[in-house]
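Reading through the structure tokens given below for one structure.
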Amino acid sequence: MSLWRHADFVRLWSANTVSQLGSRAGAIAVPLVAVTALAATPLEMGLLNAAGTVGALLFGLPAGAWVDRMRRRRVLLTADVTRALLLLSIPLGYAAGVLTVWQLLAVALLVSIGTIFFDVAHLAYVPALVERERLIEANAKLQASYSVAVVTGPSLGGLIAGLAGAAATVSVTAVTFLTSAGLLRRIRTPDPAPAAASGQGTLADIGEGLRYLLRDPALRAIGLCTGSVNLFMSMVAALLVLFLTRELGLSPVMTGLVAAASGAGGVLAAVTVKRWTRAFGPTRTIVLSLLLTEPLGVLMALSSRGWGVVLFVCGWFACGYGGTLYNVVQVSYRQSACPDHLLGRVQAANRFLAFAMAPAGGLLGGALGTWLGVRPTILIGVLGAVASTLWLILSPLRRASGTPSAA
């Protein structure tokens with residue numbers, strides 16, 4: 001049976017799609033609020049990027065232990081509603097004339113905490129709805145909706161920002177989170193009861209997930225590679241809007257369109273992932289996905305005003321293609337390798353290794369952008385991401401071909 005006939009998966013997919021669409025629109029709207037309404041500096045943009053990712057650093061590991069003790073759909077609902085209410089404070093503050101960079105930083109921080117709980121619970125919830133042998137198909141569909149959102153979300157965000165202001169786009173993001181919560185409530189499959197508490201405490205539970213991840217050479221390499229890539233690409237992301245608007249002279253609408261190039265690459269990757277796994281096997285695909293695409297990101301640093309923007313589009317497209325291909329297969333690999341009672345903790349441990357470096361990347365990008373300039377910092381970020389593939393090249397993944405089964 002096609003997953004499109006799996007009613008509860010379709011509800012989960014729909015909730016994910018609408019939530020991601022709003023998230024991507026908001027991801028460009030909040031920086032645009034900072035740049036256009038508050039005249040933020042490069043350092044403040046770096047702080048804003050760091051605040052939006054620091055949830056993984058503060059709560060990445062405890063979230064896994066707590067998610068494994070709770071019903072996962074309930075966590076998803078709570079995270080959606082909480083993030084919606086937080087984001088609504090931005091247009092309200094703007095309308096009242098009291099909005100500050102500090103409020104943006106606080107909202108970004110709290111939303112990032114909600115996001116880490118949502119993401120950990122989401123990744124652990126998918127195997128409760130879908131058989132493990134169909135996880136690549138399920139994750140490809142979920143990643144495809146994410147990639148479509150990356151294409152259309154920034155464009156929609158830039159369009160709304162150009163017509164009604166960036167603060168209005170943040171309101172749209174809040175509404176999409178509430179819509180996502182409504183769709184999740186309609187899932188009929190019983191929310192699996194959490195595993196019995198170990199009785200050893202949160203720290204011991206966290207340690208169990210970390211040990212499972214770090215003792216497996218392939219899972220360890222994936223976590224370290226993703227962390228390294230996120231460190232360097234967060235440098236790029238922190239300065240992306242600034243680079244497109246000030247260095248390349250793009251309008252808010254064009255900024256959204258150009259930023260959507262990575263999502264277009266992601267859509268193509270989600271459509272072609274099965275061809276890669278059939279040709280090379282899931283594990284080799286994890287290695288090749290980044291090795292063959294990240295070097296093209298250098299084109300972004302070579303772009304210029306006018307037709308030179310095409311170089312940026314090509315480099316950003318390639319990064320989106322490789323990143324999406326990598327994410328679909330490595331997430332499915334980990335879901336297959338982990339037993340269900342450890343899945344939340346192992347996913348959280350991986351996210352901690354992978355995303356705890358993102359705030360540091362945002363701060364580093366802001367600092368280097370102020371010191372060296374925006375364009376050299378983007379080049380450094382891309383070259384660092386290319387070097388990060390060494391974690392995969394030196395791991396057993398380059399020799400294996402199949403997908404593991406949970407112990």
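With rounding to the nearest 0.5 angstrom, the CE atom of Met233 is 9.0 Å from the CG atom of Asn230. Here the straight-line distance linking atom CG of Leu86 with atom OG1 of Thr82 works out to 7.0 Å at 0.5 Å rounding. Interatomic distance, OG of Ser234 versus CZ of Phe232, reported as 11.0 Å (0.5 Å rounding). From Trp316, atom CH2 reaches atom CG of Leu244 across 9.0 Å, with rounding to the nearest 0.5 Å. With rounding to the nearest 0.5 angstrom, the CZ atom of Arg275 is 12.5 Å from the CZ atom of Phe280. To the nearest 0.5 Å, the span separating CG on Leu224 from OG on Ser395 amounts to 10.0 Å.
Not a single donor-acceptor pair under 3.5 Å links the side chain of Asp8 to the backbone N or O of Ile187. A donor-acceptor contact shorter than 3.5 Å is absent between the side chain of Arg334 and the backbone of Ser332. Proximity of a side-chain donor or acceptor of Arg73 to a complementary backbone N or O of Leu184 within less than 3.5 Å is detected.
Each of Leu178, Leu76, Thr176, Asp80 was compared with Ser19 under the side-chain contact (heavy atoms from CB on, under 4.5 Å) criterion, and only Asp80 meets it.
For the pair Ser112 and Ala51, the tightest heavy-atom approach, listed with the atom from each and the gap, is OG-O, 3.4 Å. Across all their heavy atoms, Ala121 and Val75 have their closest contact at CB-CG1, 3.8 Å. Nearest approach of Cys225 to Trp391, heavy atoms of both residues: CA-CD1, 3.6 Å. The heavy-atom pair separating Pro91 from Val170 by the smallest distance is CD-CG1, 4.1 Å. The heavy-atom pair separating Ser388 from Ser228 by the smallest distance is OG-CB, 3.1 Å. Of all non-hydrogen atoms in Gly114 and Ala79, the two that sit nearest each other are O-CB, 3.5 Å.
Side-chain contact between Lys141 and Phe9 is present, with heavy atoms from C-beta onward closer than 4.5 Å. Between Leu183 and Asn16, the closest side-chain pair of non-hydrogen atoms is not below 4.5 Å. Using a 4.5 Å heavy-atom cutoff, the side chains of Val175 and Thr179 are in contact. For the pair Cys319 and Ser262, the minimum side-chain heavy-atom distance is 4.5 Å or more.
By the 6.0 Å contact criterion, CZ on Arg215 is open, its count of non-hydrogen atoms from other residues, nucleotides or ligands being 12 or less. Residue Phe243 places its CZ atom among more than 12 non-hydrogen atoms of other residues, nucleotides or ligands, all under 6.0 Å distant.
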Would you check, one step at a time, whether the test side chain to side chain contact (heavy atoms under 4.5 Å, CB included) holds for Thr245 with Thr255?
-> CA-CA 7 Å; Thr245 56; Thr255 295; 3.4 Å; yes

Taking it one step at a time, do Thr115 and Val111 satisfy side chain to side chain contact (heavy atoms under 4.5 Å, CB included)?
-> CA-CA 6 Å; Thr115 297; Val111 168; 4.0 Å; yes

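In this view, Tyr321 and Thr272, Trp276 satisfy the side chain to side chain donor-acceptor pair (under 3.5 Å) rule, not counting sequence neighbours. In terms of the side-chain contact (heavy atoms from CB on, under 4.5 Å) criterion, residue partners of Asn327 (sequence neighbours excluded) are, by chain and number, Gln143, Gln330.
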Atom pairs and distances, side-chain donor-acceptor, residues 287-295, under 3.5 Å, sequence neighbours left out:
residue, atom, partner, partner atom, Å
Ser289, OG, Thr285, O, 3.2
Ser289, OG, Ile286, O, 2.8
Thr293, OG1, Ser289, O, 2.6

Below 3.5 Å, can you tabulate the donor-acceptor pairs from side chains in residues 100-110 to any protein atom, sequence neighbours excluded?
residue, atom, partner, partner atom, Å
Thr100, OG1, Trp102, N, 3.4
Thr100, OG1, Gln103, N, 3.2
Gln103, NE2, Ser89, O, 2.9

Tabulate below the donor-acceptor pairs under 3.5 Å that side-chain atoms of residues 305-312 make, not counting sequence neighbours, or state none.
residue, atom, partner, partner atom, Å
Arg305, NE, Glu247, O, 3.0
Arg305, NH2, Arg246, O, 2.9

Tell me which donor-acceptor pairs under 3.5 Å the side chains of residues 364-387 have, and how far apart each pair is, sequence neighbours excluded?
residue, atom, partner, partner atom, Å
Thr370, OG1, Gly366, O, 2.9
Arg375, NH1, Ala301, O, 3.0
Arg375, NH1, Ser303, O, 2.5
Arg375, NH2, Ser303, O, 3.4
Thr377, OG1, Leu368, O, 3.3
Thr377, OG1, Gly369, N, 3.3
Thr377, OG1, Gly373, O, 2.8

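Taking the ring axis of Phe177 as reference, the NZ or CZ atom of Arg83 stays within 45° of it and closer than 6.0 Å to the ring centre.
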